[in-house]
Protein chains: 2
Amino acid sequence: MAATMKDIAKRTGLGLATISSYFNGGNVREKNRVKIEEAIEELHYEVNEVARGLKTNATKTIGVVIPELNNTFCAEIITEMEDVLRSHGYATIVCDCRTDKKLERDAVEFLSRKRVDGIINMPVDTEGTHLKKFQKTGKPIVLIDRKIQDLSCDSVLVDNEKAAEDAMRVFFQAGHRKIGIIGGPEEISTAQERLQGYRSAYEKQNLPIQESLIYHGDYTIQGGVKGLEKLVTDNPDMTAVFVTNYEMTMGAVIGVNELGLKIPEQLSLIGFDNLQFARACNPKLTIVAQPTPGIAREVAGIMLKRLEEGEGEEKERITEKLGAEIITGRSVRVI
Amino acid sequence: MAATMKDIAKRTGLGLATISSYFNGGNVREKNRVKIEEAIEELHYEVNEVARGLKTNATKTIGVVIPELNNTFCAEIITEMEDVLRSHGYATIVCDCRTDKKLERDAVEFLSRKRVDGIINMPVDTEGTHLKKFQKTGKPIVLIDRKIQDLSCDSVLVDNEKAAEDAMRVFFQAGHRKIGIIGGPEEISTAQERLQGYRSAYEKQNLPIQESLIYHGDYTIQGGVKGLEKLVTDNPDMTAVFVTNYEMTMGAVIGVNELGLKIPEQLSLIGFDNLQFARACNPKLTIVAQPTPGIAREVAGIMLKRLEEGEGEEKERITEKLGAEIITGRSVRVI
DNA sequence: ATGAAAGCGCTAACAC
DNA sequence: GTGTTAGCGCTTTCAT
């Protein structure tokens, strides 16, 4: 069995309180501090965080629930967040719910039983019912990327509508008029906003929107492949396509290759996220790049802030909105 | 405050032992079972896993330490493992150590204080010193992908030497003789094995190995870019390059694009991992594909096995070795 | 089948 | 500054 504080107390002849005080930054006589440190060394003592957690009612652990770890956007955010949180002494338990509402609900309950100190979530269930119960504990919840209307909590978002409008402007300025879009799942707020940006851009040009140019994808690679094939088939006069997340961008590029189309001669393309992938395409892809590390740091920062202010009075909810950036490649032909 | 078992006991008039027994699958009179369930419902009771963990000395949590979450190979493995483990009631705490030995050691200590029931690790420190102390607890350790010589624990590996030889054979059969390799960090066992496969392949052809064709990369995208540039510059007569992990493969493709080279006319390429990326390349890349989901399931399976057999007598150590597969694209020119 | 009580390893209030 | 002690929420003998 692992050594306990009691063992150290016995070994040094000191009381439990002194040992505890030593570990919690209290004042301990120099002589005793040395004795304690010797005992720690010899007994290979390590604080038992489980016992500490039971006593202090804080586990120093944050739960993170995301739709797919296997999605670059999510993975990048988690890497960065985990870094920040761990450097402040917090562990993160990541639950990948496979874009499944049932699993998402299970994950939150699971984390709740584990008594995590807070939950960070990129929600699949747009109603937020899965979080209602946890919220009653008074522990902080921070939402990433997708807002939930009737859930009062902090969130860090991206200005998706503007990002999409910006991308569309690039196409219009290059002379394109028949532009397709591979959108995301209709119930996801980011997808709605990006599609809204597409529509707004057309409206600002006083051009009619053609519904056959709109494809509703599912944010997966395979969805991107299918979307591209369908748009090309249905719209012989289409000259450009805007793809609204990374996985579907990769899928669209696969589709283009497998159909044997030339970018940008036969089809212009603007993708989403992952600058490195954009560079690996030939010609280099023009993309909308989200401020992933910024989102992650913002989320972690808000969580840490909430954690240290405690479950005090009802605080003002924070809704941070970050801007995306267009990174220009050579995948848009000037007509 | 959250409800406790005591509250349920009071509410139902039953004893603590009965409630506990109810939660642990014991026999409870039908009448009481109903009462308990009503109380749970009304009090919104949820088991406190922290308290349970203190008592049972098992946290139902597995620690995972990897070099980079932001690396597809790692991310895919974790997604899959987490799935299996969680379906067996285990949480996973993932620590990304940023390919840093110091951080890796910190991560293991951190997990040890958190009293995780076992550790899964893709090691950066090839000596394994970071695991020595944890191993003394008698809790299971499973290594992924990289073996550590003097650490007696289970590991799941890939037959890297054979994988590399297979890739080289494709080149030789297509008539290539001057083949470059973008290898990994010299101290990492997978990198050594892949390089060994490269050397063996040359030896079997009775051809001399040219050291200028060997580049030691660092398994990053940027490393791949630099490697490709250097190999091309140093070896005007080189006709093919073998890249030994996914990130560097992407980097090599970026390098090829930025140098304006044509694949496979001017340079043949065989990459590593990520079939989807290979499909997104034009022409489609030939790659060595590791059995990622297989590795993940194997690792999770071994961990669960160790967990349930307990800290019994010294068990036979398992070393699983899985095979990789060549997926043929059109990036290798036949000379 | 159920109740009473001890104790897992720690923190914190209190006394000295 | 240090010791004593109660108790966090649970599981687990041991009686009954």
Side-chain angles (χ1 to χ4, degrees), chain A residues 1-37 39-40 43-61 89 112-117 137-139 310-311, chain B residues 1-37 39-40 43-61 89 112-117 137-139 310-311:
Chain A
M1 268 316 297
T4 71
M5 278 181 32
K6 234 176 181 169
D7 297 324
I8 302 211
K10 273 196 200 121
R11 196 106 168 55
T12 56
L14 296 165
L16 269 180
T18 313
I19 319 292
S20 176
S21 160
Y22 168 84
F23 283 112
N24 294 291
N27 277 334
V28 177
R29 209 168 302 182
E30 184 56 22
K31 209 169 106 186
N32 291 332
R33 129 174 270 107
V34 173
K35 272 210 243 171
I36 295 177
E37 279 163 5
I40 292 176
L43 300 173
H44 300 295
Y45 175 79
E46 265 183 334
V47 173
N48 183 333
E49 300 270 8
V50 178
R52 181 182 274 177
L54 176 60
K55 181 69 197 181
T56 60
N57 200 23
T59 52
K60 288 287 207 169
T61 304
S112 182
R113 283 195 302 275
K114 284 234 166 264
R115 296 296 193 267
V116 294
D117 297 339
T137 64
K139 291 174 178 173
E311 302 173 21
Chain B
M1 267 317 298
T4 71
M5 279 181 30
K6 232 176 181 169
D7 297 325
I8 302 210
K10 273 195 198 121
R11 195 104 169 56
T12 57
L14 296 166
L16 269 181
T18 314
I19 319 292
S20 175
S21 160
Y22 167 85
F23 282 113
N24 295 290
N27 277 333
V28 176
R29 209 169 304 184
E30 184 56 24
K31 210 169 106 186
N32 291 331
R33 129 172 272 107
V34 173
K35 272 210 245 172
I36 294 177
E37 279 164 5
I40 292 175
L43 300 174
H44 300 295
Y45 175 79
E46 266 183 333
V47 173
N48 183 333
E49 301 269 9
V50 178
R52 182 180 275 178
L54 176 60
K55 184 66 198 179
T56 61
N57 200 23
T59 52
K60 288 286 205 172
T61 303
S112 183
R113 283 195 303 275
K114 286 233 164 265
R115 296 298 193 266
V116 294
D117 297 340
T137 64
K139 292 175 177 172
E311 301 173 23

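Side chains are part of it too, since the values below use all heavy atoms of this structure and drop only hydrogens, waters and symmetry mates. Every chain is numbered from 1, with letters handed out A, B, ... down the list of sequences.
Distance, B:N57 CG to D:dT11 P: 14 Å, rounded to whole Å. Note: CZ (A:R113) to P (D:dC10) measures 13 Å, nearest angstrom. Across the protein-nucleic acid pair, B:R33 atom CZ and C:dA1 atom P stand 12 Å apart, rounded to whole Å. If you measure from atom CG of A:N48 to atom C1' of C:dG7, you get 14 Å, rounded to the nearest angstrom. For B:K60 and D:dT11, the NZ to P distance is 12 Å, given to the nearest whole Å. In this structure, CD1 of A:I8 is placed 16 Å from C1' of D:dG3, rounded to the nearest angstrom. Atom pair B:L14:CG and C:dA4:P shows a separation of 11 Å (rounding to whole Å applied). Counting to the nearest Å, the C1' atom of C:dA1 and the CD atom of B:E30 are 13 Å from each other.
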Cut-off 3.5 Å, no hydrogens considered: what does the side-chain donor-acceptor table look like for residues 2-10 of chain B, sequence neighbours left out?
residue	atom	partner	partner atom	Å
B:T4	OG1	B:K6	N	3.2
B:T4	OG1	B:D7	N	3.4
B:D7	OD2	B:T4	N	2.8

What donor-acceptor contacts under 3.5 angstrom involve side-chain atoms of residues 13-22 of chain B, with partners at least two apart or in another chain?
residue	atom	partner	partner atom	Å
B:S20	OG	B:N24	ND2	3.4
B:Y22	OH	B:E37	OE2	2.8

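Sorted by first and then second residue, the salt bridge (charged side-chain N to carboxylate O under 4.0 Å, His left out) pairs with a member in residues 44-58 of chain A read A:E49-A:R52, A:E49-B:R113; sequence neighbours excluded. Annotation: salt bridge (charged side-chain N to carboxylate O under 4.0 Å, His left out) contacts involving residues 12-27 of chain B, sequence neighbours excluded, are absent.
Side-chain nitrogen and oxygen atoms of A:Y45 include at least one within less than 4.0 Å of the OP1 or OP2 phosphate oxygen of C:dC10.
With sequence neighbours left out, the side chain to side chain donor-acceptor pair (under 3.5 Å) criterion links A:K114 to B:T61.
The nucleotide whose nearest atom lies closest to any side-chain atom of B:R29 is, among C:dA1, D:dC10, C:dG9, C:dA1.
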Revision key, fill the gap. Readout for nucleotides 11-16 of chain C: B = base within 4.0 Å of protein heavy atom, S = sugar-phosphate only, - = neither; 5' to 3' it is BBB---
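How far CG of B:N27 is from CZ of B:R33: 8.5 Å, rounded to the nearest 0.5 Å.
A:T12 contributes no side-chain N or O that, together with a main-chain N or O of A:I36, makes up a donor-acceptor pair within less than 3.5 Å.
B:V28 comes within 4.0 angstrom of the backbone, heavy atoms only, and of no base.
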